[in-house]
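The model shown is predicted, which means the values in this text are computed figures rather than measured ones.
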Amino acid sequence: MASFLHLFHIFFLISTSFFLVTQSKPPQRTAFNPRTAFNPNKLVLPIQKDQATHLFITNIHKRNPLKQVPFVVHLNGQFLWVACEQSYLSSTYHAPLCHSTQCARANTPYCHTCNSTPRPGCHNNTSAQDVLSIQSTKGSKPGPLVRVPRFLFACIAGLGHAPISLPNQLASHFGFPPKFALCLPSSASNVPNGAIFFGDGPYLMLPGIDISSQLRFTPLTISPEGQYYITLTSIRINNKQVPINASLLKFNVNAGTGGTKISTIKPYTVLEHSIYQSFTRFLTSQLPGIPQLAKPVAPFSVCYDSRKLKSTRAGPGVPNIDFVLQNQNVKWTITGANSMVEARRGVTCLAFVDGGVRPRASIIIGSHQLQDNLVQFDLAGSRLGFSSSLLFRRTSCSNFNFTATP
């Protein structure tokens with residue numbers, strides 16, 4: 001498990017570094033046969049939740065000889081990003097030349113000469129190619145590892161819609177539809193207990209439940225930056241509509257403002273200030289017999305004594321929250337397991353935070369609300385599939401059978 005300081009260092013590099021392309025000569029490398037034993041139509045990556053940061057981590061096999069490398073799962077990242085250490089060793093590493101086809105795919109204007117031994121990290125975020133290996137699957141258990149011989153990365157497992165993002169490169173190489181699905185686990189663990197699927201369903205969780213069979217779909221909008229948005233038309237709590245400014249729910253594609261973005265980096269759903277105020281007032285009015293705590297736990301403003309809330313199969317017994325989408329019949333239902341969080345021992349809080357006045361996105365659906373939900377991104381069809389809580393189906397995102405032998 002990556003430490004908090006290591007993960008913080010990764011994100012500091014992400015936020016401050018430029019995307020550069022090296023002009024150094026590629027090193028000598030052994031011949032590599034790009035053909036695999038079979039052509040899979042689905043792939044799977046194990047993921048786990050880091051307790052300290054609430055970030056989701058996956059381990060990807062890279063380099064030659066193969067080495068497991070930890071990546072932060074970043075839904076809106078445009079490329080695969082790896083911490084670029086000095087000791088990067090791989091016989092199949094290749095540094096694309098400036099103005100090459102690879103650089104054009106990466107859509108970067110930067111070009112820099114590297115005077116030392118070619119490797120990722122000769123300069124911050126050097127574009128690079130190397131072998132990537134990933135587990136195949138038929139949907140119910142892991143299959144053999146398959147390889148992409150020249151996977152382009154930029155020295156985060158980026159899942160955003162960009163030419164060199166992880167989903168697009170895998171779909172292009174193996175020839176399956178550009179779809180991927182997230183199933184984030186709700187508990188932190190030192191072993192993988194969630195999954196990312198690449199390719200179409202079925203996706204099977206123990207005890208043999210196809211969690212993709214009951215997906216509902218809504219249009220998916222992709223911003224110019226490759227970020228994923230959906231359109232909410234209203235929010236309902238306890239089947240009652242929350243009064244909010246509907247214009248804030250509309251996404252202005254040209255300006256990149258408003259609308260509802262989906263994120264694996266934000267731990268809790270973020271609401272624009274006026275939406276947040278109306279939302280919290282309305283929800284607390286639906287729990288009239290349960291007093292709020294006078295001193296909530298930051299960053300939350302609505303907290304309760306956990307003993308005052310009933311326990312159900314789908315979390316604390318609080319009113320359901322519905323994100324109503326293109327019509328009243330299509331709604332993403334958020335139950336207590338996803339709307340509430342135990343902020344500290346004996347204190348349960350509403351897992352939504354105030355995003356302030358005039359944020360770029362009016363709503364950002366955070367990872368807590370995605371946990372134990374299957375969310376499928378159909379990039380070719382421009383639609384998002386969602387399951388709502390899997391707990392009602394007597395399974396969870398932790399139930400993929402990673403222990404089975406390929």
Side-chain angles (χ1 to χ4, degrees), residues 216 218 229-251 257-263 266-312 314-343 347-371 373 386 388-389 391-392:
R216 309 202 72 184
T218 191
Y229 284 76
I230 57 175
T231 299
L232 271 62
T233 55
S234 65
I235 299 174
R236 299 177 70 88
I237 297 176
N238 218 11
N239 292 318
K240 302 170 185 176
Q241 186 162 323
V242 179
I244 57 177
N245 181 354
S247 67
L248 294 171
L249 301 179
K250 297 177 181 178
F251 178 52
T257 57
T260 300
K261 185 168 74 171
I262 305 174
S263 171
K266 297 290 185 182
Y268 305 106
T269 291
V270 182
L271 303 176
E272 183 273 339
H273 180 67
S274 68
I275 298 176
Y276 182 79
Q277 285 189 315
S278 183
F279 177 83
T280 52
R281 280 197 301 263
F282 201 94
L283 185 132
T284 54
S285 73
Q286 301 301 301
L287 291 169
I290 305 176
Q292 296 182 54
L293 295 182
K295 294 182 179 180
V297 179
F300 311 111
S301 65
V302 176
C303 295
Y304 298 95
D305 182 336
S306 300
R307 296 170 298 179
K308 304 292 185 181
L309 299 172
K310 294 180 180 179
S311 179
T312 74
V318 296
N320 286 349
I321 299 166
D322 292 322
F323 285 168
V324 182
L325 300 162
Q326 63 265 38
N327 61 59
Q328 295 295 318
N329 296 320
V330 183
K331 55 187 180 182
W332 186 338
T333 298
I334 300 172
T335 61
N338 296 106
S339 65
M340 309 297 288
V341 62
E342 187 174 45
V347 177
T348 298
C349 299
L350 179 64
F352 291 73
V353 296
D354 190 336
V357 179
R358 290 193 291 274
R360 285 189 62 81
S362 298
I363 299 175
I364 303 176
I365 300 177
S367 60
H368 185 78
Q369 281 66 42
L370 300 177
Q371 292 172 176
N373 285 241
F386 59 94
S388 293
S389 179
L391 301 180
F392 284 117

Is [Y] close to [X] at the side-chain level, that is, under 4.5 Å between some pair of heavy atoms?
X: Pro316; Y: Tyr304; value: no
X: Thr269; Y: Ile334; value: no
X: Phe323; Y: Lys331; value: no
X: Thr335; Y: Phe392; value: yes
X: Leu232; Y: Leu325; value: yes
X: Phe300; Y: Val341; value: yes
X: Phe279; Y: Ile237; value: yes
X: Pro319; Y: Leu287; value: yes

When you measure from the side chain of [X] to the backbone of [Y], do you find a donor-acceptor pair of N or O atoms at a distance under 3.5 Å?
X: Thr233; Y: Val324; result: yes
X: Ser306; Y: Val347; result: yes
X: Glu272; Y: Gly258; result: no
X: Ser362; Y: Leu248; result: yes
X: His368; Y: Met340; result: yes
X: Thr280; Y: Gln277; result: yes
X: Asn245; Y: Ser247; result: yes
X: Arg236; Y: Gln328; result: no

To the nearest 0.5 Å, what is the distance between [atom1] on [X] and [atom2] on [Y]?
X: Asp305; Y: Leu293; atom1: CG; atom2: CG; value: 6.0 Å
X: Asn238; Y: Leu283; atom1: CG; atom2: CG; value: 9.0 Å
X: Ile364; Y: Lys261; atom1: CD1; atom2: NZ; value: 4.5 Å
X: Leu271; Y: Ile244; atom1: CG; atom2: CD1; value: 8.5 Å
X: Gln326; Y: Ile230; atom1: CD; atom2: CD1; value: 9.5 Å
X: Ser301; Y: Phe352; atom1: OG; atom2: CZ; value: 11.5 Å

So Ile363 and Leu249, side chain to side chain contact (heavy atoms under 4.5 Å, CB included) or not? Walk me through it. CA-CA 8 Å; Ile363 299 175; Leu249 301 179; 3.8 Å; yes
Give me the atom names and distance for the closest heavy-atom approach of Leu391 to Ala314.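 Answer, listing the atom of Leu391 first, then Ala314: CD1-CA, 4.0 Å.
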Tell me the closest heavy-atom pair linking Gly355 and Pro359, and the distance in Å.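 Nearest pair, atom of Gly355 first, then Pro359: O-CB, 4.0 Å.
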Fit a plane to each ring of Phe386 and Trp332, take the angle between them on a 0 to 90° scale, and name the class: parallel (under 30°), tilted (30 to 60°) or perpendicular (over 60°).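 Rings of Phe386 and Trp332: parallel, as their planes differ by under 30°.
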Determine the interplanar angle of the Tyr229 and Phe251 rings, folded into 0 to 90°, and report it as parallel if under 30°, tilted if 30 to 60°, perpendicular if over 60°.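 Judged by the thresholds at 30° and 60°, the geometry between Tyr229 and Phe251 is parallel.
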I would like to know whether Ile365 and Leu370 meet side chain to side chain contact (heavy atoms under 4.5 Å, CB included); could you show each step before the answer? CA-CA 8 Å; Ile365 300 177; Leu370 300 177; 4.0 Å; yes
Could you check Gln286 against Lys240 for side chain to side chain contact (heavy atoms under 4.5 Å, CB included), going step by step and ending with a plain yes or no? CA-CA 10 Å; Gln286 301 301 301; Lys240 302 170 185 176; 3.2 Å; yes
Given Asn338 and Gln371, is the side chain to side chain contact (heavy atoms under 4.5 Å, CB included) satisfied, shown in steps? CA-CA 7 Å; Asn338 296 106; Gln371 292 172 176; 4.1 Å; yes
